[in-house]
There are 2 protein chains.
Amino acid sequence: MSLSSAEQDYLKAIFAITRIEHRQANTNAIAVLLKTKASSVTDMIKKLAVKKLVKYEKYKPVSLTNKGQKIATSLIRSHRLWETFLVERLEYDWSRVHSIAEQLEHIEDDELLDKLDHYLGYPKFDPHGDPIPTKEGTFPQRDETLLSQLNPGDCGTISSVLQDDESFLEALNQLNLCINQPIEYIKKIDFDQSIQLKINDHIHILSENMAKNIAIQKLP
Amino acid sequence: MSLSSAEQDYLKAIFAITRIEHRQANTNAIAVLLKTKASSVTDMIKKLAVKKLVKYEKYKPVSLTNKGQKIATSLIRSHRLWETFLVERLEYDWSRVHSIAEQLEHIEDDELLDKLDHYLGYPKFDPHGDPIPTKEGTFPQRDETLLSQLNPGDCGTISSVLQDDESFLEALNQLNLCINQPIEYIKKIDFDQSIQLKINDHIHILSENMAKNIAIQKLP
DNA sequence: AAATATTTTTAGGGTTGTCTAAAAAAATAG
DNA sequence: CTATTTTTTTAGACAACCCTAAAAATATTT
């Protein structure tokens with residue numbers, strides 16, 4: 001079965017909402033994520049239900065069938081492998097690969113993905129630290145803590161970022177905050193919950209909101 | 001200005017017919033190439049004319065404006081760079097890259113093309129021997145003769161193939177007929193104009209039709 | 001439990017790109 | 001130079017995907 005880009009985007013969105021953000025995939029949530037309207041979502045959901053890619057009952061949140069889940073996982077795999085390619089081989093900045101990978105991910109060819117995976121050396125995590133599912137659909141797991149939830153004195157390395165926003169990633173870059181960068185948590189500032197942390201022996205401050213979107217692998 | 005895949009395909013088709021095959025781009029020729037109907041072509045041509053990408057007068061063949069030509073050239077550049085990537089980096093067989101490159105070529109990002117070009121080492125010809133236009137839009141030139149037009153005793157190397165058909169390319173592969181392969185032209189067989197040639201000291205036969213689609217760079 | 005607010009669906013419409021069938025123009029033949 | 005054939009365009013329709021506005025269902029408040 002061949003799916004349009006739009007159909008693929010809906011599957012990805014439902015996956016992201018239900019499996020990654022652990023929220024209910026109701027029409028509004030999907031509409032917000034895909035920057036469209038709830039009525040358009042209803043239309044598309046019906047089509048996907050006919051194709052047995054989602055389970056749908058009127059007025060209830062939708063969920064992916066096994067078939068739908070498989071396709072969504074494969075799209076995520078594609079997206080993350082292409083992001084890895086763009087950063088590691090074409091020397092793109094990690095802040096600028098998301099939108100290009102959005103286009104590349106829709107190219108349908110299982111062999112292409114396998115060859116790309118092989119070429120990149122079977123990476124487990126993409127440039128943002130997000131796990132790359134295997135061909136079989138399993139996601140590599142890791143113990144992560146949000147930077148905003150560390151305690152004074154905690155040390156660790158940045159393992160992933162939870163946003164793809166270009167300005168956010170660029171700003172991190174300027175502080176040398178990249179994946180695997182060691183950091184030490186100093187303290188939370190009472191005033192507005194900003195975070196003080198040490199990077200390469202320099203003290204920096206991050207807003208609470210930014211700290212909530214950075215995941216850390218703690219050192220023992 | 002952002003163009004749909006369909007619009008891009010039309011520009012490419014008009015370029016191929018007028019600049020490569022040196023024929024008139026009338027609605028039928030375009031329809032055949034794009035596997036659509038003449039009436040659909042008329043519709044699209046009108047849209048492209050409004051966007052000043054083609055010059056169009058009713059009942060006359062269309063041609064590209066400078067603007068349209070620039071876009072078409074850039075698409076060809078994209079297609080051929082991606083084909084090169086697929087063969088040289090992902091180890092695809094040259095017979096199987098065309099359809100994947102058809103999808104990849106539509107990704108719009110000038111910087112991506114430049115980075116890919118740099119990464120591949122600024123190749124001048126793609127895996128089928130077709131010239132890759134530069135960023136500025138100039139096509140590398142070469143002296144080529146069709147295999148079907150050589151004379152007995154002529155020696156040379158295969159410089160390009162004129163078809164992307166999978167079965168054609170696969171068959172060539174099986175005879176070791178790849179780009180840069182040295183060959184010697186033996187003779188034309190009277191019976192049906194088939195070509196006899198020597199490849200790695202072995203005699204082989206090619207149909208007239210296949211020989212017409214293989215270009216040779218003659219040795220002095 | 002009724003009134004109100006929110007969410008979801010339906011109804012109707014727009015755009016893009018395709019199609020078939022018929023009309024119009026151009027090319028070819030006698 | 002008229003008649004016939006071929007090519008091109010128009011007209012009308014359809015599918016995919018999106019929209020707005022209104023109706024229907026559900027959730028929340030009092």
Side-chain angles (χ1 to χ4, degrees), chain A residues 1-14 17-18 21-64 68 71-72 75 102-103 105-108, chain B residues 1-15 17-18 21 23-64 68 71-72 75 102-103 105-108:
Chain A
M1 175 189 8
S2 138
L3 299 180
S4 69
S5 276
E7 289 171 319
Q8 293 182 12
D9 286 338
Y10 274 89
L11 294 179
K12 255 188 53 176
I14 297 166
I17 293 167
T18 56
E21 301 175 26
H22 301 289
R23 296 184 295 132
Q24 292 199 323
N26 44 37
T27 48
N28 248 337
I30 297 170
V32 168
L33 197 58
L34 294 180
K35 297 193 175 74
T36 178
K37 298 296 146 76
S39 56
S40 305
V41 175
T42 305
D43 282 355
M44 181 61 95
I45 294 300
K46 283 182 184 167
K47 275 188 15 186
L48 293 175
V50 170
K51 295 191 178 184
K52 306 268 185 217
L53 297 170
V54 301
K55 282 189 276 273
Y56 172 58
E57 283 179 88
K58 268 192 186 182
Y59 298 104
K60 293 197 178 156
V62 300
S63 61
L64 295 173
I71 294 171
L75 285 166
E102 294 265 71
Q103 300 180 64
E105 76 188 3
H106 292 299
I107 290 167
E108 285 192 84
Chain B
M1 175 186 11
S2 139
L3 300 180
S4 69
S5 276
E7 290 171 318
Q8 293 181 13
D9 286 338
Y10 275 89
L11 294 180
K12 254 187 54 175
I14 297 166
F15 187 95
I17 293 169
T18 56
E21 301 176 24
R23 295 185 295 132
Q24 290 200 323
N26 44 35
T27 49
N28 246 338
I30 298 170
V32 168
L33 197 58
L34 294 180
K35 296 194 176 75
T36 178
K37 298 295 147 75
S39 57
S40 307
V41 174
T42 305
D43 283 355
M44 180 60 96
I45 293 300
K46 282 181 185 168
K47 276 189 16 187
L48 294 175
V50 170
K51 295 190 179 185
K52 307 268 185 215
L53 297 170
V54 302
K55 282 189 274 276
Y56 172 58
E57 282 179 89
K58 269 192 186 181
Y59 298 104
K60 295 199 177 153
V62 300
S63 60
L64 295 173
I71 294 171
L75 285 166
E102 292 266 70
Q103 300 180 64
E105 75 188 6
H106 292 299
I107 289 166
E108 285 193 83

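Computed from a predicted structure; not experimentally measured. A note on names: the letters A, B, ... follow the listed sequences, proteins ahead of strands, and every chain is numbered from 1.
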request  = Specify the separation, in whole Å, of atom CG of A:D43 and atom P of C:dG13.
outcome  = 15 Å
key: Side-chain-base donor-acceptor pair under 3.5 Å for B:T42 and D:dT10   = no
query = B:K60 NZ to D:dT7 P: how many Å, rounded?
reply = 19 Å
ask   = So what does A:T27 touch, heavy atoms closer than 4.0 Å: a base, only the sugar-phosphate, or nothing?
value = sugar-phosphate
note = A:K35 atom NZ is separated from D:dC18 atom P, nearest whole Å, by 14 Å
inquiry  = Checking contacts here: which listed nucleotide (D:dT20, D:dC18, C:dT18) is nearest the side-chain heavy atoms of A:A6?
reply    = D:dC18
inquiry  = I want to check one thing: is the phosphate of D:dT8, taken as OP1 and OP2, less than 4.0 Å away from some side-chain N or O of B:N28?
reply    = yes
ask   = What integer distance in Å separates B:I45:CD1 from C:dT18:P?
value = 11 Å
ask   = Looking across every strand, which nucleic acid part, if any, lies under 4.0 Å from A:S39 by heavy atom: base, sugar-phosphate, or nothing?
value = base
query = So which one's nearest nucleotide on DNA chain D is more toward 5', A:E7 or A:Y59?
reply = A:E7
request  = Please state how far atom CD in B:Q24 lies from atom C1' in D:dT7, giving the value in whole angstrom units.
outcome  = 13 Å
inquiry  = Can you tell me if A:K51 has over 12 outside heavy atoms packed within less than 6.0 Å of its NZ?
reply    = yes
message = Taking any heavy-atom pair under 4.0 Å as a contact, classify B:K46: base, sugar-phosphate, or nothing.
response = sugar-phosphate
ask   = More 5' along DNA chain D: B:V41 or A:A38, using each one's nearest nucleotide?
value = B:V41
inquiry  = Tell me the interatomic distance from A:D9, atom CG, to D:dC18, atom C1', rounded to whole angstroms.
reply    = 14 Å
query = What is the distance from CD1 of A:I30 to C1' of C:dT9, rounded to the nearest Å?
reply = 14 Å
task = Assign B:N26 to base, sugar-phosphate, or nothing according to its heavy-atom contacts below 4.0 angstrom with the strands shown.
result = sugar-phosphate
Separation of A:L33 CG from A:N28 CG (nearest 0.5 Å) = 12.0 Å
message = Can you tell me which nucleotide in D:dT7, D:dT9, C:dT8 comes closest to the side chain of B:K58?
response = D:dT9
query = B:Y56 side chain N/O closer than 4.0 Å to the phosphate oxygens (OP1, OP2) of D:dT9?
reply = yes
key: d(NZ, A:K37; P, C:dT8) in whole Å   = 15 Å
